[in-house]
Amino acid sequence: MASVIPLEIWNEVCEYAQRADLLQLRLVNTATALAIFKCLQNMCPFIVRPLCLPPCAMGFAYRYGLPKLRLNLAGRNLADSMAIAWAEAIASNRAVLQVDFSCSGITAKGLNDASQAAPSWTALAAMLASHPSLQELNIANNSISDAGAQVVARALMQNSALRAISMESNAIGFDGALAMAEMLAFNSSLQALNLSGNTVTDTGAIALAAALHRNDTLKELSLCNCALKDRGVVGLAEALTVNTGLQVLDLSNNGIGDEVAQAIAERLAVCQGLAELHLGYNHIGHNG
């Protein structure tokens, strides 16, 4: 049965659509949203402000190809099922350039739903693997863990469009870091990777350092507060002697002392690409 669109909402839709201006709808149910978006498919171009709509309503907006390029769902508490629904909607819209899912309650299940026999990708990972225009993805401050990081890494091995991804503070350990390092050996488009606030440890850092020996397209790597020790930090510094692509490296808040700082300085003397090195909130004294 077709949904009945309230007259006052429809008048507002027509007024803004005819002016090709900013459309601000404060809808309360998805049925009305779907009806409006269907009716507007052949009308003048317009932009929907996402914060004025509930998440499910904006899902319909993206599914029906509205010309909005940046989607901010930070702090929406989407949970797993809604994250999957959103990813499916985004996957069908090639105009989306940026998506912010940070602080949205996405867990490893939302990234790799065990109830799906095939394919093994989640809706989000499947979207990430094949989306031809998405350039920035922020999934920071969720709980995707190592399992989620591994799924994202596999998706990025197939992606050739994404330029930046933030996975900060996601309960990712060295297994997840190993998966991201393996991905960097195959991915030649990613330019910024943020793993700050995860327990990368020396094991993960050494794997990332090995990847930097082969990857010259990554420009920024953030490993702030990642429980790195001497071996991991020195390994990363060693990689900088051969890597010419990395421009920004954040190693702040990792307990780095004078001896390691001196080792970093020695290797920076022959480094040709790095422009910024962040070492704040470490234990570096006068000798370092």
Derivation and outcome, side chain to side chain contact (heavy atoms under 4.5 Å, CB included), residues Val200 and Ile172 | CA-CA 7 Å; Val200 173; Ile172 297 170; over 6 Å; no
In sequence, state the C-alpha distance, the side-chain angles, and the governing distance for Met127 and Leu134, and then conclude on side chain to side chain contact (heavy atoms under 4.5 Å, CB included).
-> CA-CA 9 Å; Met127 175 273 293; Leu134 184 65; 3.8 Å; yes
Intermediate values then yes/no, side chain to side chain contact (heavy atoms under 4.5 Å, CB included), Asp175 and Gln150 = CA-CA 8 Å; Asp175 283 337; Gln150 290 165 347; 3.9 Å; yes
Criterion side chain to side chain contact (heavy atoms under 4.5 Å, CB included) on Phe101 and Asn138, from CA distance to verdict = CA-CA 6 Å; Phe101 277 133; Asn138 186 351; over 6 Å; no
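Proximity of Met157 to Glu182: side-chain heavy atoms (C-beta onward) are separated by under 4.5 Å at one or more points. Leu277 is listed as a side-chain neighbour of Leu268, based on a closest heavy-atom distance under 4.5 Å. Under the 4.5 Å side-chain criterion, counting only non-hydrogen atoms from C-beta, His283 is not in contact with Ile256. For the pair Thr199/Phe174, no side-chain contact is recorded, criterion being any heavy-atom separation below 4.5 Å from C-beta on. A 4.5 Å side-chain heavy-atom check between Ile206 and Leu236 finds every atom pair outside the cut-off. Between Ile165 and Val152, some side-chain heavy-atom pair lies under the 4.5 Å cut-off. Between Leu97 and Ser133, some side-chain heavy-atom pair lies under the 4.5 Å cut-off.
For Ala211 against Leu184, the heavy-atom pair with the smallest separation is CB-CB, 3.9 Å. Between Gly197 and Cys226, the shortest heavy-atom contact is N-SG, 4.0 Å. Contact between Ala209 and Ala239 at its shortest, heavy atoms only, is O-CB, 3.4 Å. Shown here for Asn159 and Ser189, the closest heavy-atom pair between the two residues is O-OG, 3.7 Å. Here the closest non-hydrogen pair linking Ser222 and Asn194 is CB-OD1, 3.4 Å. Nearest heavy-atom pair, His278 versus Asp250, reported as atom, atom and distance to 0.1 Å: CB-OD1, 3.4 Å.
One finds the CG atom of Leu190 at 10.5 Å from the CD atom of Glu220 (value rounded to the nearest 0.5 Å). To the nearest 0.5 Å, atom CG of residue Leu124 and atom CD1 of residue Ile139 are 6.5 Å apart. Here the CG atom belonging to Leu193 is positioned 11.5 Å from the CD atom belonging to Glu168, to the nearest 0.5 angstrom. The CG atom of Leu274 sits 11.5 Å away from the OG1 atom of Thr244 when rounded to the nearest 0.5 Å. The CD atom of Gln191 sits 11.5 Å away from the CG atom of Leu246 when rounded to the nearest 0.5 Å. Note that the OG atom of Ser102 and the CE atom of Met167 stand 13.5 Å from one another [nearest 0.5 Å].
The main-chain N or O of Ile144 is never found under 3.5 Å from a side-chain atom of Asn142 such that the two would form a donor-acceptor pair. Formation of a donor-acceptor pair under 3.5 Å by the Asp202 side chain with backbone atoms of Leu228 is not found in this model. In this structure a side-chain-to-backbone donor-acceptor pair under 3.5 Å is present from Ser130 to Ala126.
Here the options are Asn254, Val260, Asn253, the test is side-chain contact (heavy atoms from CB on, under 4.5 Å), and the partner is Asn282; only Asn254 passes. When the options Ile264, Leu221, Leu212 are evaluated for a side-chain contact (heavy atoms from CB on, under 4.5 Å) with Leu249, the one that passes is Leu221.
No chain of hydrophobic side-chain contacts below 4.5 Å, direct or via other Ile, Leu, Val, Met, Phe, Trp or Tyr residues, connects Leu156 to Leu178. In terms of hydrophobic clustering, with Ile, Leu, Val, Met, Phe, Trp and Tyr side chains grouped at heavy-atom distances under 4.5 Å, Leu240 and Val234 are assigned to a common cluster. A continuous path of hydrophobic side-chain contacts links Phe186 to Leu208 [ILVMFWY only; heavy atoms under 4.5 Å].
No donor-acceptor contact under 3.5 angstrom links the side chains of Ser196 and Asn198, judged on distance only.
Glu238 pairs by the side chain to side chain donor-acceptor pair (under 3.5 Å) definition with Arg267, not counting sequence neighbours.
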